[in-house]
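Residue numbers count from 1 along this sequence. Just so it is clear, the model here is predicted, and its values are computed rather than measured. Just so you know, these numbers use all the heavy atoms, side chains as well, and skip hydrogens, waters and symmetry mates.
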Amino acid sequence: MFELLPLILIGVLFVINRGAAKRIDRLEKELGEVRERLLRMSGALAAPPAIPVAPEEPVEATLPEAPAETLVSDEVPLGQPPRQSAATAPADEQAASLNPGASGKATAAAPTESLENLLGARWAVWAGGLALALGGVFLVRYSIESGLLGPGVRLTLAALFGLVLVAVGELIRRRALPKAEALYANAMVPGILTAAGAVSLFGAVYAAHGIYEFIGPTLAFILLALSAFGVLGLSLLHGQALAGLGLAGSMLTPLLISTPSPNLWTLFIYLTVAQVATSLASRLKGWLIVPAIAQALLGIWALVALIDTSEITPIALSLLAMVAAWMLIWPGRAGEDPAEPEARLSFDALGRRMSSGPVGLDLTLSLAVVLPALVMLERVVTDVFPLFGLAALIAALAAAGSARHGAFWPTAISAAGALLAAIVETGMVGQAQAMLLGWDIVKTSLPALDVTAMYVLLGLAAVFLFIGLAHIRRRFAEDPLFSTVWAVIAAGLPVLLATISFVFYGIYARDWLHGIFGIGLGTVLLGACEFLDRKGALPAFRRGVDVLLTGSFAAYALALHTLTDGVVTTILLALLGFAYLMASRKRGWSGLPWIMVTALVGVLFRIGWDPTLVGAEALSRTPFLNQLLPGYGIPALLALLSAYEMRNWPGNRVRNALQGLASLLGLLAIAILVRHAMNGGVLDSSAPTLGEQSIYTLLVAGLSGILMTLDLKSPSPVFRYGSMVAGGVAIAQTVSLHLGALNPYFTGESTGSWPLINLLMIGYLLPGLAYAGLAFHARDKRPLPYVVLLALSGAVLGFAWVTFSVRRFWQGEFIAFWKGFEQAETYSYSVAWLAIGVGLLALGSRFDARSLRIASAVIVILTVAKVFLIDMANLEGVLRALSFIGLGFVLIGIGLFYQKILSRKSVPSPASEEDEAPTGI
């Protein structure tokens, strides 16, 4: 008997609700007529709202009379602002749209919410909704513990309780305060009641299936889905919070239902419908949080499904449908950035673009698509279909980012996803670690998969190329900033993907597929530059054209590396850059000279990778006339011609860069030929000898002098600072190598059999003279400390040459320290050093050079220290006496010499005395 009571109650409520629904429909129709009548009264609507005279007595705007049944009570609850009638709401909205200034002022003057308002109007609603939900739970729990009702009755009452709450929420919404929704959007009583009812319905259906097994999985799934979609539909009336509850219910429904035969197609069709429905509701209400959550939940479902399934198709189609919903439904065109295009391209402008528009929706969509796409690569073991799913998802996301103006994150994340997919698929990180650690690289993929992966990478490169160029063609004038971002992607990403494909899947001998692809890619990018130039894109889109130009050169360089090898590639790379530079005669593109700089840097990279350019075994041993001469000489010559060609170019930086590279390549070409000739026709990592290093030092010193001369004729920062850098490098070589690591006194290297023309002359005398000449040439042209360093280096090398020559006279061609010292040899050092000191003193007096006199004093003091510290201890007999006697005579002679000079300077000349004589009075 009691089990029939719920059915009777349901019937009674149905009859009551039907009558109430009819009355509500009639009232809504009348209210619509009143609103339409008010909107037609443009004169009254255009008038600005009345300003209150005093806060205590607000002045109400007069409105036309409306039917009595359409107006609500004027009573104001405690703590709430004065209410308006339902008929005034459209009028206020229309007035605000026609008079935004008044609306802004009214909004700005709105008072802050009081504590009474917060507690009474908001927290009470939240707490009440929670209390209702908990009350239902506790009631069911009490009935279970007491055994009052059976499971069927309990479930029926729970469902009925949920329906009653939903009905009461709808009833209160229809009779609610017209302004309550705007004032308490997140604490509306109808929404809270509807949410509590929805929770009760979800719980009743799940308990009927999961706990009591009254219904099967199919019926439970249908009931839960209908409840969730019903709540989602009601959210259009009650707000975004209820929409979130409905979305959570719809997305969690598959987790609540267990079935012995799950169907992936059914699951993702259902999830797709839920996500699209959320997008439609969000478009109608302008929501941003709920659709972002829907996208994230669908992405999580895709990741979970990919853990334990090999069926990719339903997952990929569901994610593609989400991309389509983002592009066509919400946010669609509404998410386009309405801001004015940036006048100046900068990082600040790019940062503003990154934070504009519906960033949350863009980020969640991008991550929800790219992350499952990357996880699909884990399924690429014996099946190639996941590769196509990956390519389709990334290409669709890139196309969506290009189609909607200002969508930065889908654009950037799709490009990053494509590059990351190439890295993961090729195993680049693992192979790089294996190479660094010296491990053997084991390849586990099948050849067929490698071929498919290669085509997928090249296909993605082509897709990004044409999507990017299409966007640039449409938007380069309206939005040069975002078009420049797409230029970077369209020029850089295809080259990177094609390079990765060639490195891991290509044929190193000669790869026609990648070569033709590189030529085609470079031609398309170069054609795009020409098209934009003819369309008047310059100078506003100058950076974008430069990026596309650089991409075209990179593509041609890739083609060179795939179709040629060795010294031919090096020469053609320099010729390719020179061709771009010469094109500056026909096109005023600012990036053309920089392409030559890039090409020369590429030549240097190839030289650093393999200095022989052709391999050690293929390198000819013939001095000078070998592969090194064209391989190093032609790029150096082209660099020199490029620097000359750019002598009148308006940009100083590119001219300086070309001058510096020409100097470096010229020096490098001579040095490598010398190294090859002096090392027996072999280029290896063996340490150079002192003779070889002396040639390098002379070359660097000579380069410093040449750059100094060029700076005098054509002033340039490269020449000015380059000459000092070269001089500094030469000084460092002198200290570290000539006097240190390669010193024959330490190494025991043979100095040669000839007395004067030997290793000591090449290693010490000639560099010393070079430093002296360089210091003389740098006087009054370079800073004094730099000139002093050059002079000291020359003096030290000259002093070392004299000292080592004395030792060679006594010890022969081997002057190593382990041979010890003879007494006559020790005495000879004192004589030689005193002779140097006296000679420098005479030269300093003759040319009035104070620096030479100071150097003479230093050497003499050094000699005195040697005589008193070394000769006194090591010499015996007559040699010790002669050492001190000779030193004494020399020192006395130097003293007399200085007294004579100083006395001459202290006595004034007659002419000066006449000039200084006082005139008569």
Exercise for review: Go through the steps for Tyr505 and Glu425 under the test side chain to side chain contact (heavy atoms under 4.5 Å, CB included), then give the verdict.
Suggested key: CA-CA 11 Å; Tyr505 305 123; Glu425 173 59 24; 3.7 Å; yes
Review point. Any idea how Tyr270 and Phe229 line up, ring-wise: parallel (<30°), tilted (30 to 60°), or perpendicular (>60°)?
Key: perpendicular
Show me the donor-acceptor pairs, under 3.5 Å and distance only, between side chains in residues 245-256 and residues at least two apart or in other chains.
residue, atom, partner, partner atom, Å
Ser250, OG, Gly246, O, 3.2
Ser250, OG, Leu247, O, 2.7
Thr253, OG1, Gly249, O, 2.5

Practice item. If a pair satisfies ring-ring contact (aromatic ring centres under 6.0 Å, His included) and one of its residues is in residues 541-567, list it, with sequence neighbours excluded. Key: Phe553-Tyr580
Check your understanding: With a 3.5 Å cut-off and no angle check, do the side chains of Arg543 and Thr484 form a donor-acceptor pair?
Key -> no
Check your understanding: Looking at Val568, Leu576, Ile519, which one forms a side chain to side chain contact (heavy atoms under 4.5 Å, CB included) with Leu560?
Key -> Leu576
Point to revise | Phe214: ring-ring contact (aromatic ring centres under 6.0 Å, His included) partners, not counting sequence neighbours | key: Tyr212
Review point. Should the heavy atoms of other residues, nucleotides or ligands under 6.0 Å from CD of Glu530 be counted, would the total exceed 12?
Key: yes
Practice item. Could you tell me whether a side-chain N or O of Asp511 sits under 3.5 Å from a main-chain N or O of Thr562, the two making a donor and an acceptor? Key: no
**Study point:** With sequence neighbours excluded, residues passing side chain to side chain donor-acceptor pair (under 3.5 Å) with Thr272
**Key:** Ser318
**Study point:** Result of checking Leu457, Asp450, Leu513, Thr426 against Ser501 for side chain to side chain contact (heavy atoms under 4.5 Å, CB included)
**Key:** Leu457
Point to revise | Side-chain donor or acceptor of Arg510 paired with backbone N/O of Gly515 under 3.5 Å | key: no
Check your understanding: Is a salt bridge present between Arg404 and Asp362, judged by a nitrogen-to-oxygen distance below 4.0 Å?
Key -> yes
Exercise for review: Measure from the side-chain N and O atoms of Ser402 to the backbone N and O of Ala398, and report whether any donor-acceptor pair falls under 3.5 Å.
Suggested key: no
Review point. In chain order, what residues pass the side chain to side chain donor-acceptor pair (under 3.5 Å) check against Thr364, with sequence neighbours excluded?
Key: Gln295
Review point. Does the ring center of Tyr508 lie less than 6.0 Å from the ring center of Phe502?
Key: yes
Practice item. Not counting sequence neighbours, which residues clear ring-ring contact (aromatic ring centres under 6.0 Å, His included) with Phe476? List them please. Key: none
Check your understanding: Does a sphere of radius 6.0 Å around CZ in Arg473 hold more than 12 heavy atoms from other residues, nucleotides or ligands, not counting ones at 6.0 Å or beyond?
Key -> no
